[in-house]
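Order of the sequence lines fixes the chain letters, A, B, ..., with proteins taken first and strands second; residue numbering starts at 1 for each chain.
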Protein chains: 2
Amino acid sequence: MHSGVGTSKSRMLYLLLRERIDSGVWAPGARLPSEPVLAQEHGISRVTVRRALDALEEDSLIRRHAGAGTFVAESGKPKPIVADFANLLAHIVDMGNATSVKLLSFSYEIPSQDVATELGLQPAERVQHSVRVRLTDGQPFSYLVTDVPESIGVNWSEAELAARPLLALLERSGVTAERATQSVSAVLAGPDAAAALQVDVGSALLEIRRTVYDSANRGIEHLHALYRPDRYIFQMDMKRTTRDGNRRWTPVEHPDRGAQRSPRNTRPHHRLSTPSTRVVSHD
Amino acid sequence: MHSGVGTSKSRMLYLLLRERIDSGVWAPGARLPSEPVLAQEHGISRVTVRRALDALEEDSLIRRHAGAGTFVAESGKPKPIVADFANLLAHIVDMGNATSVKLLSFSYEIPSQDVATELGLQPAERVQHSVRVRLTDGQPFSYLVTDVPESIGVNWSEAELAARPLLALLERSGVTAERATQSVSAVLAGPDAAAALQVDVGSALLEIRRTVYDSANRGIEHLHALYRPDRYIFQMDMKRTTRDGNRRWTPVEHPDRGAQRSPRNTRPHHRLSTPSTRVVSHD
DNA sequence: GAAAGCTGTCTGATAAATAAGTCAAGAGGC
DNA sequence: GCCTCTTGACTTATTTATCAGACAGCTTTC
């Protein structure tokens with residue numbers, strides 16, 4: 001699991017420098033090594049270095065001044081939304097930020113074998129398959145692919161799916177979500193997700209796969225979600241507790257629960273007191 | 001946030017096809033479109049298509065038979081470890097799998113500004129900075145960068161850090177981890193992490209940033225961890241509960257708690273009954 | 001003001017990726 | 001057997017990435 005038609009040198013340097021910048025190794029305002037130095041350090045030519053820097057500049061991660069040097073941009077980047085993981089079915093802010101949904105695809109079809117197994121469907125049973133993008137202030141941040149058994153999905157229309165959260169539609173249809181299991185991973189953006197999320201193909205995306213079951217333990221929804229990590233971050237707070245004699249960690253909810261904007265870039269750990277916000281349950 | 005010195009066409013196709021394979025769109029055993037068809041579909045030449053297929057074949061994701069066609073490999077890939085997110089400080093199996101640690105770096109230095117802020121350090125206060133790789137059966141799956149305030153870190157040696165979990169060393173030193181806050185994201189592998197985890201630069205990695213605080217609310221550890229998503233997956237089970245009048249989701253622990261091997265590839269949702277396993281707390 | 005170092009912008013040469021096409025050999029349907 | 005479609009292995013041309021320089025203009029330092 002490690003080939004993959006190699007990445008170009010300029011892109012590799014771009015990735016390396018970007019990591020150093022937004023991981024805080026190079027603080028905002030700091031000066032980068034000069035182009036000749038970078039070239040020599042990595043054994044590449046200056047033209048290639050400049051290609052990488054061009055890309056960083058286009059991302060407004062750096063600022064270049066002829067004669068002076070290249071510097072890490074002061075902030076520029078908008079802060080990502082922080083969603084509490086404990087509340088899990090991720091909550092979105094509406095702290096003045098309008099979140100909207102765009103429905104990209106809607107159809108009834110035979111699910112992939114994995115989804116069928118996950119939902120516990122009959123061999124030829126079909127699902128309502130939909131692809132949606134969620135945006136905040138017009139900026140896409142999540143790419144949601146959902147599969148719902150046809151028998152349940154028929155209870156709402158295409159338009160309703162675009163307007164209301166899926167969970168609300170489910171409950172309105174008489175089924176009650178009782179438990180869910182989900183896994184978190186990371187994937188590279190494919191062409192469709194990249195286009196929908198307005199990122200490059202090959203960008204890193206946070207991936208969540210979730211299956212929701214009703215009280216009769218039947219699968220009622222399967223979600224495959226991809227999130228832009230620069231706009232959306234999952235967070236959990238844990239407390240050390242003692243149970244059954246041994247100490248362990250248990251998740252706690254935020255004091256100011258629900259989602260919020262992070263104070264610092266990709267490191268939204270310390271909390272700032274926020275007035276209570278209205279949260280809505282989404283996928 | 002969407003430039004980045006573009007990815008080559010062959011790599012783009014490689015990523016696209018790989019996504020379709022391990023997302024289950026193309027089931028194992030299924031036949032891929034022929035090389036000429038793929039070339040025309042994506043508007044690229046057949047040579048380029050073959051480059052992508054070469055890479056997939058090297059990953060043993062596909063099998064090619066001259067005259068017959070190209071097929072999705074039956075399984076090949078080892079299953080990833082599944083770690084329960086609710087138990088959070090991730091637990092590792094020892095279901096016959098030996099997990100070991102390799103210490104790559106160990107030093108005392110001035111932390112990055114982000115880490116200093118996170119830990120609440122004095123301006124010039126130093127930290128014990130370490131980089132470790134965790135392996136199971138000799139296969140690396142996590143890349144751990146930890147920072148501990150120097151005053152605490154002096155309580156153990158380099159050798160001890162390589163041998164025992166950091167949390168155990170912390171508690172032995174008299175400090176008690178009381179609460180932690182962590183965020184989950186996704187990043188592209190940089191050169192160092194890529195080398196340590198034996199993946200390509202530019203692969204997708206699951207990223208966790210965690211700060212642990214003691215009972216006096218002082219930061220005692222900062223962790224920056226990168227996980228190979230093909231070998232390690234985080235999982236959470238949720239239950240719908242009613243509290244304060246409204247229904248919400250709360251995390252539950254697994255019936256057979258602790259980590260385990262997943263039955264199916266990257267979709268480890270349905271559980272298989274496992275005999276109780278011994279788990280150790282790690283970073 | 002002079003010097004040193006930096007970015008910006010060129011040049012010309014080389015290496016790699018890609019395109020377009022040909023031909024051979026295996027597999028499967030008829 | 002025969003036809004068709006497939007992968008495998010070539011060739012040649014074009015485009016793109018990369019290299020190794022050179023030079024001008026700007027900024028900072030001394």
Generate the contact string for nucleotides 3-10 of chain D. Rules: B means base contact, S means sugar-phosphate contact only, - means no protein heavy atom under 4.0 Å. --BBBBB-
Short side-chain to backbone donor-acceptor contact, A:R31 and A:G69, under 3.5 Å: no
I'd like to know whether CD of B:E150 has more than 12 heavy-atom contacts from other residues, nucleotides or ligands below 6.0 angstrom. yes
Between A:W26 and A:I62, is any pair of side-chain heavy atoms under 4.5 Å apart? no
Write down the distance between NZ (A:K9) and C1' (D:dT18), rounded to a whole number of angstrom. 7 Å
First and last nucleotide of DNA chain C in contact with chain B, 5' to 3', at under 4.0 Å to a heavy atom: what are they? C:dA17 to C:dA27
Scanning both residues in full, the closest heavy-atom pair of B:G202 with A:L15 reads CA-CD1, 3.9 Å
Okay, side chain of A:R231, backbone of A:P140: is any donor-acceptor separation there less than 3.5 Å? yes
How close or far is atom C1' of D:dT16 from atom CZ of B:R51, stated in whole angstroms? 13 Å
When you measure from the side chain of A:R134 to the backbone of A:T99, do you find a donor-acceptor pair of N or O atoms at a distance under 3.5 Å? no
A:R11 CZ to D:dA17 P: how many Å, rounded? 13 Å
Does A:S10 make a side-chain N or O approach to OP1 or OP2 of D:dT18 shorter than 4.0 Å? yes
